Amino acid sequence: MLDLRQIREKTEQIQERLNLRGGYDLNPILALDQQQRELEGRRSQLQARSNEIGKLVGQKMKSGADPKSEEIHALRDEGNQVKAQLSELEPQERDLKAQLEALLLTLPNLPSESTPIGKSEDENVEIRRWGDEYLPQNPNILPHWEIGEKLKILNFERSTKVAQSRFVTLIGAGAALERALIQLMLDRQIRAGYLEVIPPFLINSQSLTASGQLPKFSEESFKCDRDDLWLTPTAEVPVTNLYRDEILSVEELPIHHCAYTPCFRREAGSYGRDTRGLIRLHQFNKVELFKFVHPDTSEPEHQTLTRDAEAILQALQLPYRVIELCTGDLGFAAGKTYDLEVWLPSSGKYREISSCSNCYDFQARRGNIRFKEPGKKGTQFVHTLNGSGLAVGRTMAAILENYQQPDGTIRLPEALQPYLGREIL
RNA sequence: GGAGAGGUGGCAGAGUGGUCGAAUGCGCUCGACUUGAAAUCGAGUGUACCGAAAGGUACCGUGGGUUCGAAUCCCACCCUCUCCGCCA
């Protein structure tokens, strides 16, 4: 959520930055804001008078005035009049506030000053590349779903029977590999200073609103209708909300968390895209990195978070590149994002395997996550950052392809071998 | 699912329908005393919105209601805890 006061005071600057990500009109918000504040002024004056009357009556009664005296009668009458006026203003004001809130919740975050300007993913900027020396030499690499089925470690067909398309069952070494990857990722991120959490996988609407999935993207998540609970689309949601409505002390910052969770996404609107394999499933595993930081440190924290995600790809010796998203391609809550893209030989392309975003105070404002600094008046919003470290299914896909040998076996990355107790799959 | 208890400030815990944003204790901050510390004593210590300021308004689980006036009374809902049942 953007700061209403900023919208009011720096309208043009904010409008300009919003335009970089597509058309958003601030005028309806400004109009509502003005009406609301005017109404609030009137209402609070009336309220003040009402309070005054209440006190006066109380004082008179206490000092032994006759409840039926004319004086008290007059006060009661006025009180009733004020109340009648209030009962007209109050619903109006409440309604305006709700409208205003609803509009504010639909505005995306502002792109940071340093974000490259562009309309679509075509204008994203490559920042760096790593691991060219690990690009596979084998010319006949099978797509990961083919080799996976051949090795009998992935099964898509039976999963469709059990659930739907876009689900997978991992079998034997496939299941073990998935677990090993999760374990390796967590081990390394914990060593890098992230405190592990396993949050609830079902989350309520308020949590989705705070992190930015609601109200605009409700069609992207699975919902349990009877319970106002949703299947988590990413650990970002439950982890952000761990500290919702809290005031942290400055010494608690920064908070670094890593979390393994399954993620559930409806993938509405992506019919026909990545229909085969592990790339786009309704359910996948992910280890997520998360930071709550002091605003002054969020830039460097973003860099190190990205490096921490990269460290996993490096440990697995998977070639990748780092892309900075342009203004037009930023996610709703993000102000600045680096995507990590891993090399997938079967498609001859780099594919997203991690997305590391600085959301600045956008989520903190929605979730009311603040901190207090001694010597400073009031509270400040924390900055939140998140990144995949990494998407596990896509990592498996990358391994099955990049490490494929001419004989159709998979030579496991060295870092992974201790976890599986073998070298070859 | 059945029965009961309860939701008040960072925590603990008072609160008769009227001056209660809320006693008291703990914690925390500052000051005094002390060579230093502890102990003791004194002062302070919620959040948000409006306002240049003075000040005003809101918040005692949430939403309604009664009343001139509600933390306190009424209604609905939510949540937590205990016991029983079921269950991994």
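Note that this is a predicted model, so its numbers are computed, not measured. Chain letters run A, B, ... following the sequence lines, proteins first and then strands; every chain starts at 1.
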### Task
Specify the residue among A:Asp77 and A:Gln47 whose closest nucleotide of RNA chain B lies further upstream toward the 5′ end.
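Result: A:Gln47.
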### Message
If you assign each of A:Arg43 and A:Asn80 to its closest nucleotide in RNA chain B, which residue comes earlier from the 5' end?
### Response
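Closer to the 5' end of RNA chain B: A:Arg43.
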In whole Å, I'd like the distance from the [atom1] atom of [X] to the [atom2] atom of [N].
X	N	atom1	atom2	result
A:Arg42	B:U57	CZ	P	18 Å
A:Glu71	B:C68	CD	P	17 Å
A:Lys55	B:U19	NZ	C1'	6 Å
A:Leu46	B:G69	CG	C1'	16 Å
A:Arg8	B:C50	CZ	C1'	9 Å
A:Lys60	B:G69	NZ	P	18 Å

### Query
A:Ala398 and A:Val342: which non-hydrogen atoms are nearest, and at how many Å?
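So the minimum-distance heavy-atom pair works out to CB-CG2, 3.8 Å.
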### Task
Could you check whether the rings of A:Phe371 and A:His294 sit parallel, tilted or perpendicular, using 30° and 60° as the cut-offs?
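Plane angle between 30° and 60°, so tilted.
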### Task
Return the orientation label for the A:His282 and A:Phe167 ring planes: parallel under 30°, perpendicular over 60°, tilted otherwise.
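Rings of A:His282 and A:Phe167: tilted, as their planes differ by 30° to 60°.
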Electrostatic pair [X]-[Y], nearest N-O below 4.0 angstrom:
X	Y	result
A:Glu40	A:Arg43	no
A:Glu78	A:Arg49	yes
A:Glu267	A:Arg166	no

#### Entry: Partner of A:Ile410 by side-chain contact (heavy atoms from CB on, under 4.5 Å), out of A:Leu177, A:Leu425, A:Asn402, A:Ile153
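With A:Ile410 as partner, A:Leu177, A:Leu425, A:Asn402, A:Ile153 yield a single side-chain contact (heavy atoms from CB on, under 4.5 Å), made by A:Leu425.
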Could you give the distance separating [M] and [N] at their [atom1] atoms, to the nearest angstrom?
N	M	atom1	answer
B:A53	B:G42	C1'	31 Å
B:G9	B:G61	C1'	14 Å
B:A48	B:C60	C1'	16 Å
B:G44	B:G10	C1'	16 Å
B:C79	B:C86	C1'	22 Å
B:U29	B:C77	P	46 Å
B:C30	B:C83	P	45 Å
B:G2	B:U8	C1'	30 Å

#### Entry: Nearest-neighbour nucleotide for the A:Val57 side chain, B:G56, B:C68, B:C49 considered
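Minimum distance to the A:Val57 side chain belongs to B:C68.
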### Out of B:U19, B:C68, B:A48, whichever nucleotide has its closest atom nearest the side chain of A:Arg370
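Between B:U19, B:C68, B:A48, the one nearest the side chain of A:Arg370 would be B:A48.
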Base-pairing assignment for [N] (Watson-Crick or G-U wobble, both under 3.5 Å):
N	result
B:G4	B:C81
B:C28	B:G44
B:A23	none
B:A53	none

### Task
With heavy atoms under 4.0 Å as the rule, sort A:Thr379 into base, sugar-phosphate or nothing.
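A:Thr379: backbone/sugar contact only, no base atoms under 4.0 Å.
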### Task
Assign A:Arg94 to base, sugar-phosphate, or nothing according to its heavy-atom contacts below 4.0 angstrom with the strands shown.
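Contact class for A:Arg94: sugar-phosphate only.
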Within less than 4.0 Å of OP1 or OP2 of [N], is there a side-chain N or O belonging to [X]?
X	N	value
A:Lys97	B:C49	no
A:Gln59	B:G18	no
A:Asn51	B:G69	no
A:Arg5	B:C49	yes

### Query
Contacts to RNA chain B from residues 198-205 of chain A, heavy-atom cutoff under 4.0 Å, which residues?
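Contacts with RNA chain B under 4.0 Å: none.
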### Query
Between A:Phe362 and A:Phe332, is the gap from one ring center to the other below 6.0 Å?
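When the ring centroids of A:Phe362 and A:Phe332 are compared, they turn out to be within the sub-6.0 Å range.
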### Query
If you measure from OH on A:Tyr360 to NE2 on A:His383, what distance do you get to the nearest 0.5 Å?
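If I round to the nearest 0.5 Å, the distance is 8.0 Å.
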